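This report refers to the structure that appears directly beneath it.
In this text, all values refer to a predicted model and were calculated from it rather than measured experimentally.
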Amino acid sequence: MCEVELNTRVYVKMMLHAARYLHSTVSGVLLGHHTPSCLTLVDCVPVCHLQLPLSLSLEVALAQIDSWSALQGLVIAGFYQANAGLRDTSINSVALKAASLISEYQEEAVLILMDNERLSSYPGVPPLTVFHQNASKQWVPKEKTLVMWGHWEETQRITRHLLQAKAYQQLIDFDNHLDDIRADWTNQALNVEIARLSAAANGSV
């Protein structure tokens with residue numbers, strides 16, 4: 001079974017998406033690269049917060065994200081969701097459909113559900129569950145020993161810094177882009193800031 005590794009950028013952006021729309025269900029696409037033994041998640045594209053996306057709009061978003069990610073040398077590797085309800089641990093039908101569609105092209109694709117009760121600036125352990133498809137095509141939690149974190153302490157510090165700075169106000173999802181096509185759903189400015197904070201944490205600047 002393939003290991004899954006999450007880096008700082010993908011976690012930070014999922015957290016900022018959930019923080020920007022605290023009272024809405026949010027979801028997005030996970031990007032990464034794959035080797036025979038490991039799926040590494042390196043970025044995500046926030047997709048929606050307003051309502052469950054229609055099949056057509058979701059397919060349009062996936063097509064655009066797929067084209068852009070290919071130029072970055074990445075593949076669509078999964079889907080994530082954070083629910084509106086504090087104790088809601090269900091995965092909605094759209095997230096299941098999106099993840100299943102992605103898994104048709106990426107066998108090791110994952111589905112991530114954020115744990116709202118543990119979402120905080122000091123979570124201790126990652127506040128999410130990583131799901132994968134079993135042999136029966138059911139989405140089940142992946143063994144925790146197969147979920148790896150690159151620089152978890154650093155990731156928490158950067159997340160806290162950006163939450164305190166209200167950087168979530170800068171985050172753009174595909175819903176925002178559909179309202180204003182000038183809005184950058186790839187969130188390059190935010191990516192640059194996360195990279196700068198990571199470099200500072202590693203003494204590179």
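Of the charged side-chain nitrogens involved, none lies within less than 4.0 Å of a carboxylate oxygen, so that Glu154 and Arg157 do not count as a salt-bridged pair.
No side-chain donor-acceptor contact under 3.5 Å links Asp179 to the backbone of Asn176. The backbone N or O of Ala183 lies less than 3.5 Å from a partner atom in the side chain of His177, making a donor-acceptor pair. The closest donor-acceptor contact from the side chain of Asp184 to the backbone of Gln188 lies under 3.5 Å. In this structure a side-chain-to-backbone donor-acceptor pair under 3.5 Å is present from Asn187 to Trp185.
Hydrophobic cluster membership is shared by Leu30 and Tyr11, with clusters built from Ile, Leu, Val, Met, Phe, Trp and Tyr side chains linked at under 4.5 angstrom. A chain of hydrophobic side-chain contacts below 4.5 Å, direct or via other Ile, Leu, Val, Met, Phe, Trp or Tyr residues, connects Val130 to Leu41. Trp149 and Met15 fall within the same hydrophobic cluster, defined by Ile, Leu, Val, Met, Phe, Trp and Tyr side-chain heavy atoms under 4.5 Å apart, directly or through other members. Leu39 and Leu128 fall within the same hydrophobic cluster, where Ile, Leu, Val, Met, Phe, Trp and Tyr residues are linked whenever their side-chain heavy atoms come under 4.5 Å apart, directly or through other members. By the rule that hydrophobic residues join a cluster once side-chain heavy atoms approach within less than 4.5 Å of another member, Ile76 and Leu96 end up as members of one cluster.
Shown here are the side chain to side chain donor-acceptor pair (under 3.5 Å) partners of Ser69, two or more places apart in sequence or in another chain: there are none.
Counting heavy atoms from C-beta on, the side chains of Leu101 and Leu62 come closer than 4.5 Å. Contact annotation: the side chain of Tyr105 never approaches that of Asp66 to less than 4.5 Å [non-hydrogen atoms, C-beta and beyond]. Looking at heavy atoms from C-beta onward, Trp68 lies in side-chain contact with Thr186 at the 4.5 angstrom threshold. With a 4.5 Å cut-off on side-chain heavy atoms, Met114 and Met14 count as touching. Between Leu162 and Val12, the closest side-chain pair of non-hydrogen atoms falls below 4.5 Å. Within the 4.5 Å cutoff, the side chain of Thr25 has no heavy atoms near those of the His49 side chain. In this structure, the side chains of Asn191 and Glu193 stay at 4.5 Å or more apart for every pair of heavy atoms. Residues Val10 and Asn7 form a side-chain contact, since some pair of their non-hydrogen atoms from C-beta on lies under 4.5 Å apart.
Counted by atom type alone, Thr8 and Trp152 present zero donor-acceptor pairs between their side chains at under 3.5 Å. There is a side-chain donor-acceptor pair under 3.5 Å between Gln133 and Ser103. Side-chain contact of Asn83 with Gln81: a donor-acceptor pair under 3.5 Å is present, judged by distance alone. In this model, no donor atom of one side chain and acceptor atom of the other lie less than 3.5 Å apart for Ser136 and Gln138.
The CD1 atom of Ile102 lies 8.5 Å from the CD1 atom of Ile65; values are rounded to the nearest 0.5 Å.
Crowding of Gln72 atom CD: a count of heavy atoms from other residues, nucleotides or ligands under 6.0 Å exceeding 12. Within a 6.0 Å radius of CG in Leu71, more than 12 heavy atoms belonging to other residues, nucleotides or ligands are found.
Minimum heavy-atom separation, Ala82 to Ala18: CB-CB, 4.1 Å. The nearest pair of heavy atoms linking Gly32 to Ala77 is N-CB, 4.1 Å. Residues His34 and Cys2 share a closest heavy-atom pair of NE2-SG, 4.1 Å. Between Leu171 and Pro46, the shortest heavy-atom contact is CD2-CG, 3.9 Å. Among all heavy-atom pairs drawn from Gly28 and Phe79, the shortest one is O-CD1, 3.1 Å.
Under the salt bridge (charged side-chain N to carboxylate O under 4.0 Å, His left out) criterion, the residue pairs touching residues 24-49 are Arg9-Asp43, Lys13-Asp43, with sequence neighbours excluded.
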